[in-house]
Every structure is written in structure tokens, then in C-alpha cells.
Amino acid sequence: MTEPVATRIWDLPTRLFHWTLAVLVMAAIVTAKVGGEWMAWHLRCGEAVLALLAFRWAWGLVGGHWSRFATFLPTPTRLARGLRGRASAGDGIGHNALGSVSVWAFLLLLTAQVATGLVADDDIDTTGPLNARVGAHFAKRASGWHAGWGADLIMALIALHVVAIGWYTLRRHEPLLRAMWSGDKALPFGTRASRDGAATRLLALAILALAAAAVWAMVRWAG
């Protein structure tokens, strides 16, 4: 038996995405709750989240091995193994089965939330940048989702995420937060590592720059 060795699982772009997204989502929630003049910052947070999500959807195709969508598809077979406590050694290298569901849920819900926010109208003083480009009925339905089910589901998912991390950390002794901070996990020698060199990071920077430029152009065009 060989001793586990530190293996790069989460590349730096994925880690920066994770922590920056967490800060921006919480800032968006707080500014929406405070309201008033803070709604301008709520819109800015939403635009920044949109750029990050655009980056992540692309990074899931070309990023480090364990950040790619193909490595954490929540297939029925994989979910069944995880729920029965029979997960294979490979199932937990990156995101485990339930973690995969959580990541996909976050990506899809947040994408829907920023999309509806782009056309939303709070009936007070704030409208999304694309509100004038859609019909009133569509904008009303989008606004209802954005302020109602969308916001509630995201809050619930955040709560479940925190509880799950606490359970895995305290009961299963799996340092998930440390791994997402350092990028490394202690794994058997020979486990495939994610690329995380200068070329990978420059590629990520280029993708993020394109995503940010696209969001900026969209907002300016809408205005």
C-alpha cells in the first residue's frame, strides 16, 4: 500500500470562481434585502455573477480534468451507488454523487436567476437592463420567479450546501473546504491530476475576459 500524496484536483481558476461566486451571491442577496439605493449594487453583482457563470459553463468544457462537466455527471448509476454507500474510489475524487447534483443545481438555478433578473421589474425603481427589450407579460413572469421561487430555491440550496459541508467535515472527516482552498486532495499515487500551470491559467483569464466583455457589451447595448 502506498501513502496518499497531495494531488491537484481543483485548478486555480475553479477555486477563484467558487469563492468569488460565493461572495457575489451573498452580496446580491444582501443588497436585494436592503433595497433602495443598494439596488444599483444588486444589479452590478448580478452582472458580475453572469460573467462568472459564462466563464464556468465554458470552463466545464476546457478546464482542468476534475472541473470538467464530464467528470461529475450525476448519472442514475452513480447516484444509486452514492446513496447506497457503495461509491467507487473514483466517485469521490472530484465531486461525489450528491456534490455533483449540488453543483449542477447551483449552476442551473443561478443562470435562471440572472437571466430573469436581466428583464425583471420590481415595480418600484429598479429594472433589469433588458427589461425594455421584452414584453410586459414576459417581464412580469420573470420578475415573479426572480423575487419568488428563484430567490427561495437559491437560499434553500445555500443552506443545504452549508449543512452538507459541515456534515462531511465533522462526521466524515473530509476536508472539503481545505481542498477547495488549496486545490489538493490526499489521494493514491497515480491519481489523475488537473492541469493547473501557467497556460491553463492564461486560458482561464482569456475566457473570463471574453465573458466580462460580452456582459459589458450586452448591458451597454441594452441601455
Side-chain angles (χ1 to χ4, degrees), residues 14 17-61 69 72-76 79 95 97-166 207-208 210-223:
T14 297
F17 163 82
H18 178 275
W19 295 112
T20 306
L21 183 69
V23 170
L24 286 172
V25 169
M26 292 310 300
I29 291 171
V30 171
T31 50
K33 296 295 184 183
V34 175
E37 295 181 355
W38 285 97
M39 289 303 293
W41 284 101
H42 179 74
L43 291 175
R44 294 184 186 109
C45 288
E47 291 163 9
V49 168
L50 176 58
L52 280 179
L53 288 171
F55 161 79
R56 188 63 181 92
W57 284 114
W59 198 241
L61 301 176
F69 299 137
F72 59 93
L73 291 173
T75 62
L79 286 173
H95 295 296
L98 294 180
S100 299
V101 173
S102 177
V103 172
W104 281 102
F106 265 119
L107 289 175
L108 292 171
L109 272 176
L110 287 173
T111 299
Q113 192 70 353
V114 293
T116 52
L118 290 172
V119 300
D121 184 348
D122 67 356
D123 292 324
I124 301 175
D125 191 39
T126 305
T127 58
L130 298 183
N131 176 263
R133 304 282 179 171
V134 301
H137 178 69
F138 181 81
K140 184 176 181 179
R141 291 182 66 93
S143 301
W145 169 268
H146 188 80
W149 276 104
D152 292 342
L153 286 172
I154 288 172
M155 291 291 289
L157 193 56
I158 290 173
L160 286 172
H161 191 63
V162 171
V163 170
I165 288 174
I207 294 173
L208 179 61
L210 286 173
V215 172
W216 180 87
M218 179 193 66
V219 172
R220 295 302 175 272
W221 167 78

**Fill in**
Interatomic distance, CG@Leu98 vs CG@Leu160, rounded to 0.5 Å, equals 11.0 Å
Using atom types as modelled, flag every donor-acceptor pair under 3.5 Å from a side chain in residues 31-51 to any protein atom, sequence neighbours excluded.
residue : atom : partner : partner atom : Å
Thr31   : OG1  : Ala27   : O            : 2.8
Thr31   : OG1  : Ala28   : O            : 3.1
His42   : ND1  : Ala28   : O            : 2.8

Search all heavy atoms of [X] against all heavy atoms of [Y] and return the closest pair with its distance.
X	Y	value
Ala97	Leu79	O-CD2, 3.7 Å
Phe72	Trp104	O-NE1, 3.1 Å
Leu52	Phe17	O-CE1, 3.4 Å

With a 3.5 Å cut-off and sequence neighbours excluded, list the donor-acceptor pairs that the side chains of residues 129-146 form with protein atoms.
residue : atom : partner : partner atom : Å
Asn131  : ND2  : Val119  : O            : 2.8
Arg133  : NH2  : Trp221  : O            : 3.1
Ser143  : OG   : Asp121  : N            : 2.8
Ser143  : OG   : Asp121  : O            : 3.4
Ser143  : OG   : Ala139  : O            : 2.7
His146  : ND1  : Gln113  : O            : 2.9
His146  : ND1  : Thr116  : OG1          : 3.2
His146  : ND1  : Gly117  : N            : 3.4

**Prompt:** Does CH2 belonging to Trp19 count more than 12 external heavy atoms closer than 6.0 Å?
**Reply:** yes
[X] vs [Y] side-chain heavy atoms within contact, under 4.5 Å:
X	Y	value
Phe106	Ile158	yes
Thr111	Trp57	yes
Trp59	Leu208	no

**Asked** Just by distance, do the side chain of Asp122 and the backbone of Asp125 share a donor-acceptor pair under 3.5 Å?
**Response** yes
